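Comments concern the structure below.
Treat the numbers as computed from the prediction; the structure is a model and nothing was measured.
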Amino acid sequence: MYGFQVRRRTAISVVTLVVCALGFSPPALADSPNGSYSSQLLYFSVDVGPDLSTPCTVVGELFVPDGVDAHNPAPAILTTNGFGGSYKDQIPALQNFAENGYVGLTYSGLGFGGTSCKITLDSPAYDGVAASQLVSFLGGQEGIAYTDQALTQPYPALTAVVQDSVDHSGAPSTNDPRVGMTGGSYGGGIQFAAASVDPRIDTIIPMITWNDLSYSLAPNSTGIISGVSTAEPGAAKVLFASLLFGAGVANPGVDGYLTDPSRLPGCPNYVPYMCNAIAEAVVTGDIGPQVVSELRASSVSSFVDRINIPVLLAQGQQDTLFDLNEATATYDALKARGVDAKMIWHSWGHSHLAAAPGEFSFSAPDEDAQYETGRFMDWFDHYLKDENTETGPEFAYFRNWIDYEGNAAPAYATSDTVDVGTARGFQLSADGGLLPDGAPVVPGSKTIVTAPGGLPTGVEPLNINPAGNIPNAQIPGTEALWTTAPMTEPMDVVGAPTVTLRVAAPGQPVVFAKLYDVAPDGTSSLINGLIAPVRISDPSQPVPVTMPAIVHRFEPGHSVRLAITGGDISFRGGLQGMPVTIFADGSGPLELPVVG
């Protein structure tokens, strides 16, 4: 456990956005109702791309606490939106930071929320370089910020932010603010991109974001070469991919395309390869080597060796887009290089955005009442204000089976290591049993059929909404099941389940591994909606499978069920339908990391 610093929180206020055009004199900032900070809508002129030849106009809002100026400077927080959002989404967070003495800047990422240029999926050469120029603004550089969209009314040099004399590469630096970054999902990926190109950034807190976009959008749970990266893609998340792609295309609206027609050619509002990527994913269920390369270029897995600052990772247990394995891969890569990194697994994520009570809030952050919000504030106070605050445990994870009131801290278990569980094995038996290690199993096999065209082989809740009221029903002959006896005592699983399959197939099938909790009445629940696609390149060899990590309690009377299905409604599987035989002897065990 760790010391939890109690703070006094001031009320969150609503700020009025005001565009000022006062020539070269400092424009007035809009006051907050309680007088704790002022705000200013700004437009930034940035140049991006490998040769800095692409100009973009970025829209954002600056927050400056009362009493903070050149004689009494404060550290800064830089943040941006999640995919499809805008700078406005992060206003409540920056209001809270301003009330705690931080200068804040929230901005719309490239291609979103009034900012020009195309979406580049948090590419370091584009989004990272744009963020770096906003860091320069926070560090006092002139000629970047304007109070009007036409970029005719310059905003004066900002002098309210603490300056550092040396950056994190050890080099003397100019326009170097004391600055941290925070944000979730797309606003988490940008932090790695920015830090990879700008050593002036001091610390980051990425939430619910990716390690390797090729895994996120076309995961393969076998053939892992590093972290979550695999030798070849698995099956495309067609629902997520289509929704995200559509949101990006629609974001500028008609007016946006008319104002900036350069967004249309090649691929609307995207760099060109994205249209090829979505076409490949939807039509074939696969993505080619060039798309994989492009996606990885926008992934921290490709440039983690350039991240050298403290990182607090926060990832969601209910997240079928960016699962816990992604944050763990980033954490492991950072720790292997000696980077100061810690990790939180919280309850919420892309497939269930509502945090547990007392855990976190995007709209009303409260560092006293919310466990994560308090951790984030402590982290920034430690690394940006040089305060003697505790930064919390190495690893913390939320347990939804713990009763508590108020702050969610009691529901969090903590550890000085991420590997908290001890492997407990269950052998696959041909009679459908999952038997404890050492128990005699029935030899034999089960055969399933994959659907032609990569089509689903049944229905169940969609991965974009696992809590949806859709029954689980598979076409007979398309799934194989193995189930344990009912638990006699609680079994807490924390981490990634694994299993090795021995199979036979006439081609290279794609199957889907799933872990269910089976209640005493026989109803089964797919744990957190998580699914592990498995593209079997060589059926003659054992197939090791690493499933998405979970935090789950199997209560007494409940059973564990492993399912292998020939298709899934949320994915596009292999195009060729075929029989796949799974042998009990030579497969297994299913290993669950059990705590306690």
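Ring pair Y331/F395: centre-to-centre distance not below 6.0 Å. A ring-centre distance under 6.0 Å is not found for F63 and Y102.
The backbone N or O of G285 sits nowhere less than 3.5 Å from a side-chain atom of R572 that would complete a donor-acceptor pair. Panel note: side chain N528, backbone L530; no donor-acceptor pair is recorded below 3.5 Å. Judged purely by atom type and a 3.5 angstrom limit, T222 uses its side chain to pair as donor or acceptor with the backbone of P544. The closest donor-acceptor contact from the side chain of Y404 to the backbone of Y412 lies at 3.5 Å or more, if one exists at all. Side-chain atoms of D492 do not come within 3.5 Å of backbone N or O of V595 as any donor-acceptor pair. Between the side chain of S221 and the backbone N or O of M547, no donor-acceptor pair lies under 3.5 Å. Within the 3.5 Å criterion, the main-chain N or O of A549 finds a donor-acceptor partner in the side chain of N325. In this structure a side-chain-to-backbone donor-acceptor pair under 3.5 Å is present from E326 to N211. Looking at W210, its side chain does come within 3.5 Å of a backbone N or O of S298 through a donor-acceptor pair. Here the side chain of S299 pairs no donor or acceptor atom with the backbone of S301 at under 3.5 angstrom.
Residue I278 holds its CD1 atom at 9.5 Å from SG of C267, rounded to the nearest 0.5 Å. The structure places CG of L94 at 12.0 Å from CG of N100, a figure rounded to the nearest 0.5 Å. The CD atom of Q315 sits 8.0 Å away from the OG1 atom of T328 when rounded to the nearest 0.5 Å. Summarising the geometry, atom OG belonging to S123 is positioned 9.0 Å from atom CD belonging to E294; distances are rounded to the nearest 0.5 Å. With rounding to the nearest 0.5 angstrom, the CD1 atom of I550 is 4.0 Å from the CD1 atom of I527. The line from OH of Y107 to CD of Q90 is 10.5 Å long, rounded to the nearest 0.5 Å.
Using a 4.5 Å heavy-atom threshold, the side chains of N269 and M274 count as separate. Using a 4.5 Å heavy-atom threshold, the side chains of P365 and F97 count as separate. Counting heavy atoms from C-beta outward, T182 and F380 have side chains that approach closer than 4.5 Å. Counting only heavy atoms from C-beta outward, the side chains of P393 and R375 approach each other to under 4.5 Å. With contacts defined as side-chain heavy-atom distances shorter than 4.5 Å, the pair K237/P219 qualifies. For the pair F376/I344, a side-chain contact is recorded, criterion being any heavy-atom separation below 4.5 Å from C-beta on. Proximity of P593 to V494: side-chain heavy atoms (C-beta onward) are nowhere separated by under 4.5 Å. In this structure the side chain of I287 reaches within 4.5 angstrom of the side chain of L295, judged on heavy atoms.
Between P357 and A408 the shortest heavy-atom distance is O-CB, 3.6 Å. The shortest heavy-atom contact between T484 and F426 is CG2-CD2, 3.8 Å. Contact record, I569 with G458: CB-O, 4.0 Å, taken as the closest heavy-atom pair. The two residues A235 and G573 come nearest to each other via the heavy atoms CB-CA, 4.4 Å. S242 approaches V238 most closely through the heavy-atom pair OG-O, 2.7 Å. Nearest heavy-atom pair, V311 versus P206, reported as atom, atom and distance to 0.1 Å: CG1-CD, 3.9 Å.
In this model, a donor atom of one side chain and an acceptor atom of the other lie less than 3.5 Å apart for S214 and D212. Residues T523 and D521 have side chains that bring a donor and an acceptor to within less than 3.5 angstrom of each other. D366 and T373 form no side-chain donor-acceptor contact under 3.5 Å, judged by distance and modelled atom types alone. Side-chain polar atoms of T457 and Q474 form a donor-acceptor pair below 3.5 angstrom. Side-chain atoms of N400 and R553 form no donor-acceptor pair, as typed in the model, at a separation below 3.5 Å. In the model, Q370 has no side-chain atom that pairs as donor or acceptor with a side-chain atom of S361 under 3.5 Å. One side chain, D127 or T120, offers a donor N or O that lies under 3.5 Å from an acceptor on the other.
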Requested in this report: Any chance you could lay out the side chain to side chain contact (heavy atoms under 4.5 Å, CB included) test for L515 and L590, step after step, and finish with the verdict?
Outcome: CA-CA 10 Å; L515 200 66; L590 170 68; 4.0 Å; yes
Query - From CA spacing to verdict: side chain to side chain contact (heavy atoms under 4.5 Å, CB included), Y87, T115 - result: CA-CA 9 Å; Y87 74 92; T115 289; over 6 Å; no
Report task. May I have the step-by-step check of side chain to side chain contact (heavy atoms under 4.5 Å, CB included) for V560 and M491, ending in yes or no? Result -> CA-CA 10 Å; V560 181; M491 182 175 69; 3.6 Å; yes
**Report entry** Intermediate values then yes/no, ring-ring contact (aromatic ring centres under 6.0 Å, His included), Y371 and F398
**Finding:** CA-CA 10 Å; Y371 173 81; F398 182 83; 9.1 Å; no
Query - Stepwise salt bridge (charged side-chain N to carboxylate O under 4.0 Å, His left out) test for E460 and K514 - result: CA-CA 12 Å; E460 63 185 331; K514 310 173 185 181; 2.5 Å; yes
Query raised in the report: Do L324 and D319 pass the side chain to side chain contact (heavy atoms under 4.5 Å, CB included) test, and can you show the C-alpha distance, the side-chain angles, and the key distance before you say yes or no?
Result: CA-CA 8 Å; L324 296 173; D319 200 320; over 6 Å; no
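Taking the six-membered ring where tryptophan is involved, the planes of F360 and W348 are essentially parallel, since the angle between them stays under 30° and well short of 60°. Using the six-membered ring where Trp is involved, F554 and H552 have ring planes that are perpendicular, over 60° apart on the 30 and 60° scheme.
Residue D403 qualifies as open at atom CG: its count of foreign heavy atoms under 6.0 Å is 12 or below.
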